[in-house]
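Letters A, B, ... are given to chains in the order of the sequence lines, protein chains preceding strands, and every chain is numbered from 1. Excluded from the calculations below are hydrogen atoms, water molecules and symmetry mates; all remaining heavy atoms, backbone and side chain alike, are included.
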Amino acid sequence: MSSIRRLERAFFNRLTPDVAHDLIGMRLVRLDNGRRISGVIVEAEAYRGEEDLGCHAKAGLTQRTKIMYGEPGHAYVYFTYGMHWMLNFVTEEEGFPAAVLIRALLVEEGVDLIAQRRNHQPSNLWTNGPAKLCQALNIDGALNGYDLCQPGAVLFVESLDDGNPIQELGVTNTPRVGLNNVPEPWRSIPWRFIGMSRSL
DNA sequence: AGCACGATTAACT
DNA sequence: GTTAATCGTGCTC
């Protein structure tokens, strides 16, 4: 019988593709007015360094990218397409810009709140995209820079106490999504990780 | 100061 | 399959 614990900063202070891979099957938890909204992470992408031309850090240290240069284990939440928020976790040692984009969840807790926030769409469309899961979990720019590893955090990731994922999933990887104007090799580098149910 | 575009989504034909 | 929505960011002038 194992118990649940929150991921510590050391988990995030590692090579970014490894962190993205290992986040598959972990549970993302949002405390919204004391209520848990959560889901198992089933898709994530790695963005790593100023050399990665798919990564925002290609622009260097700016007002927007400074969070990625900071301490690992913080949230990097950015706004795009004039309407969407995206959730990332900062990775690797402080000073090196990198993050993992959370792209999809399997909803576990807070179904009623999510249905409401997602405008009562079909449940399979609730959190199957990076902007959708931010809407579902009430995540926006107010959480940019937020420390997921602080005591009493309202946003964090859970694992089993042995460090294993909450849900064991087979993990496949592919090129990242939405980088059609990004030069090779960055457009095709297989840094998108997808969890697949073993029992089909 | 102006501009092109974006780690997307929902609603179309 | 296509496209509008909508605005912050970074780049150029």
Compare the aromatic ring of A:Phe79 with the six-membered base ring of C:dG8 and state whether they stack according to the 5.5 Å and 30° rule.
no
Is the base of C:dA5 touched by the side chain of A:Tyr81 through a donor-acceptor pair closer than 3.5 angstrom?
no
Identified side-chain contact (heavy atoms from CB on, under 4.5 Å) partner of A:Val157 from the options A:Leu28, A:Ile166, A:Val29:
A:Leu28
Less than 4.0 angstrom between a side-chain N/O of A:Thr80 and OP1 or OP2 of B:dA7, yes or no?
no
Which nucleotide in the list B:dA10, B:dT8, C:dA5 gets nearest to the side chain of A:Met83?
C:dA5
Selection from C:dG10, B:dT8, B:dT9 that lies nearest to any side-chain heavy atom of A:Arg103
B:dT8
Nearest-Å distance for atom pair CG/C1', residues A:Asn144 and C:dT9:
13 Å
Taken to the nearest whole Å, NE2/A:His84 to P/B:dA10 is 7 Å
Specify whether A:His56 and A:Tyr76 have parallel, tilted or perpendicular ring planes, treating 30° as the upper limit for parallel and 60° as the lower limit for perpendicular.
perpendicular
Thinking salt bridges, do A:Glu45 and A:Arg176 make one under a 4.0 Å N-O criterion?
no
So, OP1 or OP2 of C:dG10: does either fall under 4.0 Å of a side-chain N or O from A:Lys58?
no
A:Asn88 has its side chain closest, among B:dA7, B:dT9, C:dG10, to B:dA7
Say we look at B:dC5 and C:dT3: how far apart would their P atoms be, to the nearest angstrom?
16 Å
What is the distance, to the nearest angstrom, from the CG atom on A:Asn180 to the C1' atom on B:dA7?
11 Å
At 4.0 Å (heavy atoms only), tell me whether A:Gly54 reaches a base, stays on the sugar-phosphate, or touches nothing.
base
Tell me the partner of B:dC12, counting only Watson-Crick (N1-N3 plus N6-O4 or O6-N4) or G-U wobble (N1-O2 and O6-N3) with both under 3.5 Å; none if nothing fits.
C:dG1
Over how many whole Å does the gap from A:Met86 atom CE to B:dC5 atom P extend?
18 Å
Tell me: NE2 of A:His120 to P of B:dA10, nearest whole Å?
15 Å
Given DNA chain B, 5'-ward residue of the pair A:Met68 and A:Asn119, judged by closest heavy atom:
A:Met68
Short N-O contact, A:Arg35 and A:Asp112, less than 4.0 angstrom:
yes
Regarding the side chain of A:Tyr47, the nearest nucleotide among B:dA7, C:dA5, B:dT8 is B:dA7
Just the rounded figure in Å: distance from C1' of B:dG6 to OH of A:Tyr76.
11 Å
Could you check whether atom CG of A:Asp162 has more than 12 heavy atoms from other residues, nucleotides or ligands sitting under 6.0 Å from it?
yes
Think A:His56 has a side-chain N or O under 4.0 angstrom from the OP1 or OP2 of B:dA7?
yes
Using every non-hydrogen atom in the two residues, find where A:Asn13 and A:Glu93 come nearest and quote the distance to one decimal.
OD1-N, 3.1 Å
Just the rounded figure in Å: distance from P of B:dT8 to OH of A:Tyr78.
6 Å
Could you state the CG-C1' distance from A:Leu87 to B:dT9, rounded to the nearest angstrom?
17 Å
Side-chain N,O (A:Gln63) to OP1/OP2 (C:dT9) below 4.0 Å
no
By nearest-heavy-atom nucleotide on DNA chain B, the more 5' of A:Asn181 and A:Arg118 is A:Asn181
Taking a pair to mean Watson-Crick or G-U wobble geometry with both distances below 3.5 Å, B:dA1 pairs with C:dT12
Over all strands shown, is A:Leu101 touching base, sugar-phosphate only, or nothing at heavy-atom distances under 4.0 angstrom?
base
With a 4.0 Å cut-off on heavy atoms, is A:Arg64 in touch with a base, just the backbone sugar-phosphate, or nothing at all?
sugar-phosphate
